[in-house]
Student: 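Once you've had a glance at the structure underneath, I'll fire off some questions.
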Amino acid sequence: MNEQKLLIIDDDDMIGQTMSYIARSIGIEAHATSQPDEFFEQVESWKPTHIALDLVMPDMDGVEVLVELAKRECSAGIIITSGVGPRVLDAARRSAGEHGLNIIGVLSKPFSPALLRQMLTTEVNAVDGSGFASTRGKGRDIEVGELAEAIENGEIELAYQPKVWCNSGLLAGFEALARWRSPQRGMVMPGQFIPVAESGDLIKRLTLEVMDLAMEWMSESLDDSQADEDDWLSMSINISALTLDDPHFINHVTTQCKRFGIAPGRLIFELTETSAMQDPVTSLDLLTRLRMKGFQLSIDDFGTGYSSMLQLVRLPFSEIKIDRSFVMSASRSTESRAVIRSIIELGRSLGLRTTAEGVEDAETLEYLKELRCELAQGYLISKPLSGAEASSWAENG
Ligand code: C2E
Ligand code: CA
Ligand code: CA
């Protein structure tokens, strides 16, 4: 295991010392400072694997520090500390997450040493020794050409995450999630290569590949030919907004549906509105045509900045997916529960199905049932599975 190093920035020297003491007691090297200059100098030269950051300091505010860390592409595990209320801490955590920082926990003051120890030990293995994102292949060093070749070589695979009906717990379908099994890099996650594909024109090619793989798997593993329309298992596929102006897309899916004998109604295209959706007219056309052909359309990551109310009303969606950041925090955040409740009500009033993704605990699933949310997806139910594992899930329920 890599050597672990904790860097603390806190204007209160006592807190810095206490945290250092706790870290050292479990074999983690620690260094504390109250000076931003010294802090950033240490981030660069000492390369901590963990950072504990006080959100409220007299000379510099913690949010600025987070922004600066994001600019430097710091991938250390970050623990946010502060005496401010849980609501502000939660907002800071979300904003840091959106900046791509690796937030491993929020510690309100006065903090519990046990909780700090837990954060330092449980998440410690997830962070590599360099403290910087580049060596984790965050995407910057993946080249479009390399990825294009990988697609041609059949190195893209799919993981399938089950989606269940909240009220019965029965399987409703799967979401296809792309993975790149690279002989050189090992298993690469979509967060690392989707942005690369999107930066070139490669995302269109990748979308078609994912679709083909998903449909082929469906036709082999989910034989629904005997089932009622109500019992059909669905397949959700993520579509980048950049794919929407691809004229081949709609022909390709309809052709493939015929080829594999899959009813269009079983396919759900999940869309996240991004700033990239530049041509609202073309996308409205395409989405409307897809719906007319019977495909389903889901607005992904709903509740976040990009997937907004405006999009929901303007475009012909059939499903809302509540962003996992709200669902994952539901059991500890009143605010998240309020957001979930109002999204479910919104869905109901617009006649859409609602899926909650990121369900990690039984309490949250219970809450979703109470609210009559239709569908749930998340680690509590199942992690994304290999094709073979997903087939047996489908067989055995
Ligand atoms: P997404 O569409 O929001 O997909 C759900 C992500 O949440 C998946 O991450 C899944 O593994 C993760 N997840 C599911 N349940 C839980 C849970 O209970 N807790 C937590 N913490 N996480 C959970 P994954 O597979 O890393 O995918 C990340 C994103 O990459 C996806 O987010 C999607 O936006 C994108 N993506 C994946 N496959 C494709 C693809 O084929 N095409 C495009 N355009 N984007 C894709
Ligand atoms: Ca999705
Ligand atoms: Ca999502």
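Reckoned from all heavy atoms, side chains included, excluding hydrogens, waters and symmetry mates. Note that the coordinates shown come from a computational prediction; the quantities given were computed from them, not determined experimentally. For ligands, and for the atoms within them, numbers begin at 1 and follow the listed sequence.
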Student: Is the closest side-chain heavy-atom distance between Glu175 and Gln377 below 4.5 Å?
Tutor: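 Answer yes - side chains close enough.
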Student: Taking the six-membered ring for Trp, is the centroid-to-centroid distance between Phe174 and Trp393 below 6.0 Å?
Tutor: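 Distance test on ring centres: not under 6.0 Å, no.
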Student: Using a 4.5 Å cut-off on heavy atoms from C-beta on, say whether the side chain of Leu206 contacts that of Glu198.
Tutor: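 They are not in contact (no side-chain heavy atoms under 4.5 Å apart), so the answer is no.
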Student: Working to the nearest 0.5 Å, report the span between CD1 of Ile322 and CG of Leu368.
Tutor: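 So the CD1 of Ile322 and the CG of Leu368 are separated by 6.5 Å.
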Student: With the criterion set at N/O pairs under 3.5 Å, what does the list of contacts between the protein and ligand 1 look like, atom names and distances included?
Tutor:
{"unit_1": "ligand 1", "atom_1": "2 (O)", "unit_2": "Glu175", "atom_2": "OE2", "d": "3.3"}
{"unit_1": "ligand 1", "atom_1": "2 (O)", "unit_2": "Asn238", "atom_2": "OD1", "d": "3.0"}
{"unit_1": "ligand 1", "atom_1": "2 (O)", "unit_2": "Asp300", "atom_2": "OD2", "d": "3.0"}
{"unit_1": "ligand 1", "atom_1": "3 (O)", "unit_2": "Asp301", "atom_2": "OD1", "d": "3.4"}
{"unit_1": "ligand 1", "atom_1": "3 (O)", "unit_2": "Arg324", "atom_2": "NH1", "d": "2.8"}
{"unit_1": "ligand 1", "atom_1": "3 (O)", "unit_2": "Glu357", "atom_2": "OE2", "d": "3.2"}
{"unit_1": "ligand 1", "atom_1": "7 (O)", "unit_2": "Arg324", "atom_2": "NE", "d": "3.4"}
{"unit_1": "ligand 1", "atom_1": "7 (O)", "unit_2": "Arg324", "atom_2": "NH1", "d": "3.3"}
{"unit_1": "ligand 1", "atom_1": "15 (N)", "unit_2": "Gln161", "atom_2": "NE2", "d": "3.0"}
{"unit_1": "ligand 1", "atom_1": "18 (O)", "unit_2": "Tyr379", "atom_2": "N", "d": "2.7"}
{"unit_1": "ligand 1", "atom_1": "19 (N)", "unit_2": "Glu360", "atom_2": "OE2", "d": "2.5"}
{"unit_1": "ligand 1", "atom_1": "21 (N)", "unit_2": "Glu360", "atom_2": "OE2", "d": "3.1"}
{"unit_1": "ligand 1", "atom_1": "22 (N)", "unit_2": "Tyr379", "atom_2": "OH", "d": "3.3"}
{"unit_1": "ligand 1", "atom_1": "25 (O)", "unit_2": "Arg179", "atom_2": "NH1", "d": "2.9"}
{"unit_1": "ligand 1", "atom_1": "25 (O)", "unit_2": "Arg179", "atom_2": "NH2", "d": "3.0"}
{"unit_1": "ligand 1", "atom_1": "38 (N)", "unit_2": "Ala178", "atom_2": "N", "d": "3.1"}
{"unit_1": "ligand 1", "atom_1": "42 (N)", "unit_2": "Asn238", "atom_2": "O", "d": "3.4"}

Student: With a 4.5 Å cut-off on side-chain heavy atoms, are Trp180 and Arg185 touching?
Tutor: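 A side-chain contact exists here, since the closest heavy-atom pair is under 4.5 Å.
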Student: Heavy atoms, side chains only, cut-off 4.5 Å: are Ile203 and Ile194 in contact?
Tutor: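 Yes, their side chains come closer than 4.5 Å.
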Student: Restricting to under 3.0 Å, identify the protein N, O or S atoms around the Ca ion (ligand 2) as residue plus atom.
Tutor: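 N, O, S partners closer than 3.0 Å: Glu175 OE2, Asn238 OD1, Glu270 OE1, Asp300 OD2.
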Student: Mark yes or no: Lys383 above the aromatic ring of Tyr379, with NZ or CZ under 6.0 Å from the six-membered ring centre and no more than 45 degrees from the axis.
Tutor: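 Cation-pi check for Lys383 and Tyr379: passes.
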Student: Compare all side-chain heavy atoms of Asn167 with those of Glu374 and state whether any distance is below 4.5 angstrom.
Tutor: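 No; the side chains remain at least 4.5 Å from each other.
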Student: Mind checking whether Phe302 and Phe317 have ring centres under 6.0 Å apart?
Tutor: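 No, the ring of Phe302 stays outside the 6.0 Å limit from the ring of Phe317, centre to centre.
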